Trainee: 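Have a look at the structure that comes next, please.
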Amino acid sequence: MTTNLMPMNLATLLDTFFAPATAYSGTDPELWTAPRTEVYEGDKDYIIRMDLPGVNRQDLEIEIENDSLTVKARRELKNEEGYRAVRREQTGAISYRRSFDLVRQIDPEGIKAQLESGVLSITLPKHSQAMPRRIEVK
């Protein structure tokens, strides 16, 4: 028998908070790849880390709309100058897309993003009302 150590309501909350979007949008003719992603929760914030190898800052778009955070990125594949491709596992451009549903406990004004060595880190601070607090007994 398996026991879920996390209360059901918290498990449901986390599932809805970090529900990823599909990798292909029927309204967009281009195929999108969902990048490998890790999500961490701390006392004051959440951190999303996403692998985006070869993506430059100017080819990266992060937006919040209707309580959803969406990351889009594009990387062009180019031949090295003076060389021709003899083997390529993908041709053309690689496009990445991943979306996350945000809950009310996130402060959208405080969200920060950093791209370093092909890893995108997004920090989502929690509202002060959502953080645990200790109540003094008198």
Side-chain angles (χ1 to χ4, degrees):
M1 179 176 176
T2 304
T3 303
N4 186 355
L5 298 178
M6 188 178 291
M8 188 58 154
N9 60 352
L10 183 56
T12 303
L13 172 70
L14 291 176
D15 287 345
T16 58
F17 182 83
F18 291 111
T22 57
Y24 176 77
S25 170
T27 59
D28 192 340
E30 188 169 358
L31 182 64
W32 296 82
T33 301
R36 219 179 97 205
T37 303
E38 299 168 337
V39 180
Y40 302 95
E41 180 182 11
D43 292 336
K44 297 180 180 182
D45 56 14
Y46 292 92
I47 295 176
I48 299 173
R49 290 213 175 101
M50 202 173 288
D51 289 341
L52 297 171
V55 172
N56 298 313
R57 282 177 177 80
Q58 65 268 19
D59 299 324
L60 182 61
E61 183 181 322
I62 303 170
E63 59 186 37
I64 296 177
E65 185 177 351
N66 300 328
D67 296 326
S68 181
L69 175 89
T70 301
V71 176
K72 298 177 190 176
R74 187 175 174 88
R75 181 182 76 170
E76 294 290 332
L77 295 177
K78 303 175 197 166
N79 284 338
E80 294 293 323
E81 190 159 331
Y83 292 86
R84 64 180 174 78
V86 291
R87 178 187 163 115
R88 216 183 233 179
E89 294 190 9
Q90 291 187 326
T91 59
I94 298 173
S95 296
Y96 300 98
R97 176 187 254 162
R98 191 85 186 244
S99 293
F100 302 89
D101 292 330
L102 301 178
V103 292
R104 285 176 271 175
Q105 67 181 0
I106 297 298
D107 177 10
E109 299 301 320
I111 295 175
K112 295 179 182 167
Q114 178 180 354
L115 181 66
E116 187 174 320
S117 300
V119 178
L120 174 65
S121 295
I122 303 172
T123 303
L124 303 128
K126 295 178 182 178
H127 276 297
S128 58
Q129 298 93 344
M131 288 188 238
R133 61 187 175 105
R134 187 177 182 102
I135 302 193
E136 183 181 335
V137 178
K138 296 183 183 183

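Keep in mind that this is a model prediction, so the values were computed, not measured.
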Trainee: Do other residues, nucleotides or ligands put more than 12 heavy atoms under 6.0 Å from Gln58 CD?
Mentor: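 Check passes, neighbour count above 12.
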
Trainee: With no hydrogens and no angle check, is any side-chain donor or acceptor of Arg57 less than 3.5 Å from a backbone partner on Leu115?
Mentor: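 A pair under 3.5 Å: yes.
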
Trainee: What is the distance from atom CG of Leu102 to atom CG of Asn66, rounded to the nearest 0.5 Å?
Mentor: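 Output value for this atom pair is 11.0 Å.
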
Trainee: Within a strict 4.5 Å, meaning less than it, do heavy atoms of the Ser121 and Ile48 side chains meet?
Mentor: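 No, side chains not in contact.
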
Trainee: Could you check whether any side-chain heavy atom of Asp45 comes within less than 4.5 Å of a side-chain heavy atom of Leu124, counting everything from C-beta outward?
Mentor: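 A side-chain contact under 4.5 Å is absent here.
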
Trainee: Return the CD to CG distance between Glu63 and Leu69, rounded to the nearest 0.5 Å.
Mentor: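 Nearest 0.5 Å value for the CD-CG distance: 9.0 Å.
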
Trainee: Does any N or O in the side chain of Arg36 come within less than 3.5 Å of the main-chain N or O of Asp51, such that one atom is a donor and the other an acceptor?
Mentor: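 Flag not set: sc Arg36 to bb Asp51 has no pair under 3.5 Å.
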
Trainee: Which atom names give the shortest non-hydrogen contact between Ile106 and His127, and what distance separates them?
Mentor: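 Scanning both residues, the minimum pair turns out to be O-NE2, 3.1 Å.
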
Trainee: Is the shortest heavy-atom distance from the side chain of Ile62 to the side chain of Leu120 under 4.5 Å?
Mentor: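 Yes, at least one pair of side-chain atoms sits under 4.5 Å.
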
Trainee: Could you state whether Val119 and Met50 fall into the same hydrophobic cluster, counting links through intermediate Ile, Leu, Val, Met, Phe, Trp or Tyr residues with side-chain heavy atoms under 4.5 angstrom apart?
Mentor: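 Not linked; separate clusters.
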
Trainee: Answer yes when Arg74 and Glu76 have at least one side-chain N-carboxylate O distance shorter than 4.0 Å, and no when they do not.
Mentor: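 Salt bridge between Arg74 and Glu76, a charged N being under 4.0 Å from a carboxylate O: yes.
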
Trainee: Are any non-hydrogen side-chain atoms of Phe100 and Ile122 less than 4.5 angstrom apart?
Mentor: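 When only atoms from C-beta onward are counted, Ile122 and Phe100 do not touch, as no gap falls below 4.5 Å.
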
Trainee: Drop me the distance from Thr70's OG1 to Arg97's CZ, to the nearest 0.5 angstrom.
Mentor: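 The distance works out to 7.0 Å.
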
Trainee: Can you name the nearest heavy-atom pair linking Pro35 to Arg98, along with the distance?
Mentor: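 Heavy atoms only, the tightest pair is O-NH1, 2.9 Å.
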
Trainee: Is there a donor-acceptor contact under 3.5 Å from the side chain of Lys126 to the main chain of Gly42?
Mentor: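 Looks like yes, one N/O pair under 3.5 Å.
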
Trainee: Taking a hydrophobic cluster as the set of Ile, Leu, Val, Met, Phe, Trp and Tyr residues connected by side-chain heavy atoms closer than 4.5 Å, whether directly or through intermediates, do Ile64 and Tyr46 fall within one such cluster?
Mentor: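 Both belong to a single hydrophobic cluster.
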
